[in-house]
2 protein chains.
Amino acid sequence: MERTGGAIRKRVDEMIIRCRDAGLSVTPQRIAVYKALLKSEEHPTPEMLFKTVKRQMPSLSLATIYKSLDALEKLGLIQAVEIDSDSRRYDANMNRHHHLICTKCRNVIDFYDEQLNAVRPSRPHRGFVAESITVKVLGLCARCARR
Amino acid sequence: MERTGGAIRKRVDEMIIRCRDAGLSVTPQRIAVYKALLKSEEHPTPEMLFKTVKRQMPSLSLATIYKSLDALEKLGLIQAVEIDSDSRRYDANMNRHHHLICTKCRNVIDFYDEQLNAVRPSRPHRGFVAESITVKVLGLCARCARR
DNA sequence: ATATATGCAAAGCTTTTGCTGAAGA
DNA sequence: TCTTCAGCAAAAGCTTTGCATATAT
C-alpha cells in the first residue's frame, strides 16, 4: 500500500501501458486524475477530485473527471466504492480490502482481513457462485470513540 | 422472515403504534408503501415502489414515496441498502442479514451468517468501535451460474 | 492524417423542497 | 380545530451526452 513518489511513478507507468493496450490516449488529464487518486487516502468523490486536480490544471472540466474515472475503472486501475448512498466515491487501492467507516467524522479506513476474503455463502444459497465480497463496517474510529 | 398475510398485518400494526408514538399520522399512503415493501423480495427502488403502489392508489405521487420512505426509515421500520451505485434501494427486512447480488440478473438475495455478524476489525484498527457490518457478495445466482 | 479526448453547454435523472388544499389526530 | 400530510410543480443536485475544437498517436 505504498504511496511514495516511486510507487506512484510505477503505477502511472503501468497505467500508460494499459491505456496503450486498450487503444486509449494517454492524456495529461487522465494521468493527473489517476495520480490524485493514488495520492488520496480519502476515497474522494468526483467533485473532490475535480477541485484537487483543477488547481494544477485550471482548464479541467468536471465532465473530464467523470470520463477519466470511467476510463480508469474500465481499465481495472481504480474502483468505485459505495461508502454512502449520496455520493459516488473512488479508490485506487485495488488490493482486496474492506472499509471501516466512521459514522461521526465520516472518515473511511481501508482494512484487510483474510478470513473475510474467504467468506462463501453456505447452506441455503449453495448454488450461488461468489466472485467478490465487499464488507463495510460502520462504527467509530479510534479518535472519535475516545471522546 | 415470514411474509404471509398474517405476518404483514402484524407488522403494519406495529408500524401504526410507532407512528403514533412518534407523533406521525397514519396515512393510507404510508401503509401502502410499507405493505408493498413488506411483500417485495426485490429490494425495490423508490420508482419501482411508486409504480407498484400507484396501481391501487392512482393519485399517489412520487414525492410521497420519497417522504414515506424517509419516515419509515427514521422509525427504524425499513432500511436503505446500497446494492448498486446508481439506484437507491429499500428493504423491510430488519433482521441482521447480508446480500448476495447476481451480477447477471441483478437479483438480490438476503442471506444470514452468524460468523459475519461477529466480525470485528483487528490489529491495525483496534481502536475502531464497530457498530454494524454490511456484507455484499457479488457473483452468479444458482440459476445464472447453471448457464 | 486519423482517431480519440477535452471542454462546454445542454439534457437527463433522481431526489428534495415550498406551497396549498386535504386529511388525520 | 389544529397539526400533519399528500400532491403538484419547481428547484436542486449529480451524471451523462452531443458537439466543436484540440490533442495524442
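Everything quoted here is computed from the prediction, not taken from an experiment. A, B, ... follow the sequence lines: proteins, then strands. Residue 1 opens every chain.
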Query raised in the report: For the pair made of CG in Leu60(B) and P in dA9(D), what is the distance, rounded to whole Å?
Result: 15 Å
Query raised in the report: Whole Å only: how far is the CE atom of Met57(B) from the P atom of dC8(D)?
Result: 13 Å
Query raised in the report: With sugar-phosphate meaning primed atoms plus P, OP1 and OP2, does Ser59(A) contact a base, only sugar-phosphate, or nothing at under 4.0 Å between heavy atoms?
Result: sugar-phosphate
Report task. Assign each of Ser25(B) and Arg20(A) to its nearest nucleotide of DNA chain D by heavy atoms, then name whichever residue's nucleotide is nearer the 5' end. Result -> Ser25(B)
Report task. Return the value, rounded to whole Å, for the distance between atom OH of Tyr66(B) and atom C1' of dC5(D). Result -> 19 Å
Query - Length of the CG-P vector between Asp21(B) and dT4(D), whole Å - result: 15 Å
Query - Considering all heavy atoms, the nearest Arg11(B)-Leu77(B) contact - result: NH2-O, 4.0 Å
Requested in this report: Respond yes when some side-chain nitrogen or oxygen of Arg88(B) is under 4.0 Å from OP1 or OP2 of dT14(C), and no when none is.
Outcome: no
Query raised in the report: Between His99(B) and Asp110(B), does any side-chain donor sit less than 3.5 Å from a side-chain acceptor?
Result: yes
Query raised in the report: Between atom CD in Glu73(A) and atom C1' in dT15(D), what is the gap in whole Å?
Result: 14 Å
Query raised in the report: Looking only at N and O atoms, is any donor in the side chain of Lys54(A) or the base of dG7(C) less than 3.5 Å from an acceptor on the other one?
Result: no
Requested in this report: Starting at atom CG of Leu62(A), determine the distance to atom P of dG13(D), rounded to an integer number of angstrom.
Outcome: 14 Å
Query - Pair Asp91(B)-His97(B), side-chain donor/acceptor within less than 3.5 Å - result: yes
Query raised in the report: Is there side-chain contact between Leu24(B) and Leu75(B), with at least one heavy-atom pair below 4.5 Å?
Result: yes
Requested in this report: Examine dG7(C): is either OP1 or OP2 under 4.0 Å from a nitrogen or oxygen in the side chain of Gln29(A)? Give yes or no.
Outcome: yes
Requested in this report: Give a yes or no on whether a salt bridge exists between Arg88(B) and Asp86(A), defined as a side-chain N under 4.0 angstrom from a carboxylate O.
Outcome: no
Query - Length of the CZ-C1' vector between Phe50(B) and dT14(C), whole Å - result: 13 Å
Query - Rounded interatomic separation in angstrom, taking NZ from Lys67(B) and C1' from dT4(D) - result: 11 Å
Requested in this report: Specify the residue among Pro46(B) and Thr27(B) whose closest nucleotide of DNA chain C lies further upstream toward the 5′ end.
Outcome: Pro46(B)
Report summary line: Taking dA5(C), dT16(D), dC8(C) as options, the one with an atom nearest any side-chain atom of Asp70(A) is dT16(D)
